Amino acid sequence: MAKIQAANMARLHKLAHTLPESQLPTLGSRAQFAGYPFGRLSENIAFGYPNAPTVVQGWMNSSGHRHNILDTSVVETGIGIARASDGGVYYCQVFGKQLTEL
């Protein structure tokens with residue numbers, strides 16, 4: 001899911017959680033495509049940071065992003081990084097917990 005979103009943001013040169021112009025525009029649609037039966041999902045995205053440690057530092061300095069990272073209700077994470085044709089780097093981290101009960 002994170003790789004898909006990072007690649008789509010890089011291709012479109014757009015930083016957004018929802019990309020209506022892509023084949024999988026939402027986090028939910030990406031989870032369904034990946035076959036991830038989620039009970040909980042969240043996502044952090046970033047652009048313009050020179051490397052992964054600075055992205056994490058930026059996220060940790062943002063209350064919403066920090067909450068996603070420290071959220072104990074999620075137990076899995078995926079990371080995607082993609083470079084756009086102009087050299088810009090897009091980052092995506094997805095957090096999840098699979099649905100265990102119907």
Side-chain angles (χ1 to χ4, degrees):
M1 292 176 279
K3 286 180 180 181
I4 291 167
Q5 184 64 358
N8 282 336
M9 290 188 301
R11 180 178 54 82
L12 296 167
H13 300 271
K14 184 176 180 181
L15 180 69
H17 292 284
T18 300
L19 297 169
E21 56 273 81
S22 71
Q23 188 176 4
L24 300 167
T26 66
L27 181 55
S29 65
R30 294 186 291 278
Q32 184 177 12
F33 176 80
Y36 188 82
F38 65 92
R40 175 103 170 99
L41 279 178
S42 57
E43 176 180 75
N44 287 346
I45 58 174
F47 170 75
Y49 289 87
N51 53 48
T54 61
V55 171
V56 174
Q57 182 180 21
W59 285 335
M60 291 303 284
N61 289 332
S62 162
S63 62
H65 295 102
R66 181 182 179 89
H67 172 77
N68 286 344
I69 292 169
L70 300 178
D71 184 357
T72 58
S73 70
V74 296
V75 296
E76 298 174 304
T77 188
I79 298 169
I81 302 170
R83 187 175 302 275
S85 60
D86 64 1
V89 181
Y90 290 80
Y91 302 85
C92 180
Q93 185 172 20
V94 174
F95 306 90
K97 181 176 183 181
Q98 292 190 33
L99 184 63
T100 55
E101 297 179 19
L102 295 178

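Just so you know, these numbers come straight off a predicted model, no measurement behind them.
In terms of modelled atom types and a separation under 3.5 Å, the side chain of N44 and the main chain of H65 share a donor-acceptor contact. In this structure, the side chain of R30 engages the main chain of L24 through a donor-acceptor pair within 3.5 Å.
Annotation: side chain of S73 is not in contact with side chain of K97 (no heavy-atom distance under 4.5 Å). Looking at I45 and Y90, their side chains never come closer than 4.5 Å, going by heavy atoms from C-beta outward. M9 is listed as a side-chain neighbour of L19, based on a closest heavy-atom distance under 4.5 Å. Side-chain contact between Q93 and E43: absent, with no pair of heavy atoms (C-beta onward) separated by less than 4.5 Å. When side chains are defined from C-beta on, Q23 does not count as touching S29, because their heavy atoms never get closer than 4.5 Å.
Put simply, M60 and V94 are part of two different groups of oily side chains (I, L, V, M, F, W, Y) that touch within less than 4.5 Å, one to the next. Hydrophobic clustering (side-chain heavy atoms under 4.5 Å, transitive across Ile, Leu, Val, Met, Phe, Trp, Tyr) groups I79 together with L70. Under the 4.5 Å side-chain heavy-atom criterion for grouping Ile, Leu, Val, Met, Phe, Trp and Tyr, I69 is not connected to F47 through any hydrophobic cluster. Residues M1 and V75 do not share a hydrophobic cluster, clusters being chains of Ile/Leu/Val/Met/Phe/Trp/Tyr side chains in contact below 4.5 Å. L41 is not connected to L99 by any chain of hydrophobic side-chain contacts under 4.5 Å among Ile, Leu, Val, Met, Phe, Trp and Tyr, and they are in different clusters.
For T26 and H17, the side-chain atoms include no donor-acceptor pair closer than 3.5 Å.
Between Y91 and Y49, the ring planes lie perpendicular to each other; the angle is over 60°, past the 30° to 60° tilted range.
Once rounded to the nearest 0.5 Å, the distance linking CZ of R66 with CG of D71 reads 13.0 Å. From L12, atom CG reaches atom CD of E21 across 5.0 Å, with rounding to the nearest 0.5 Å. Note that CZ of F95 and CG of N68 are 5.5 Å apart. Values are rounded to the nearest 0.5 Å. A distance of 11.5 Å separates OG of S62 from NE2 of H67, quoted to the nearest 0.5 Å. Separating the SG atom in C92 from the CG atom in L27 is a distance of 7.5 Å, to the nearest 0.5 Å.
Heavy atoms of other residues, nucleotides or ligands lying less than 6.0 angstrom from CD of E76 number more than 12.
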Criterion side-chain hydrogen bond (donor to acceptor under 3.5 Å, both in side chains) on H13 and S85, from CA distance to verdict:
CA-CA 9 Å; H13 300 271; S85 60; 3.3 Å; yes
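For the residue pair A6 and A82, the shortest heavy atom distance occurs at O-CB, 3.4 Å. Of all heavy-atom pairs between A2 and G78, the closest is CB-O, 3.5 Å. When all heavy atoms are compared, the tightest approach of P25 to P20 is CB-CA, 3.9 Å.
Listed by chain and number, the residues in a ring-ring contact (aromatic ring centres under 6.0 Å, His included) with Y36 amount to none (sequence neighbours excluded).
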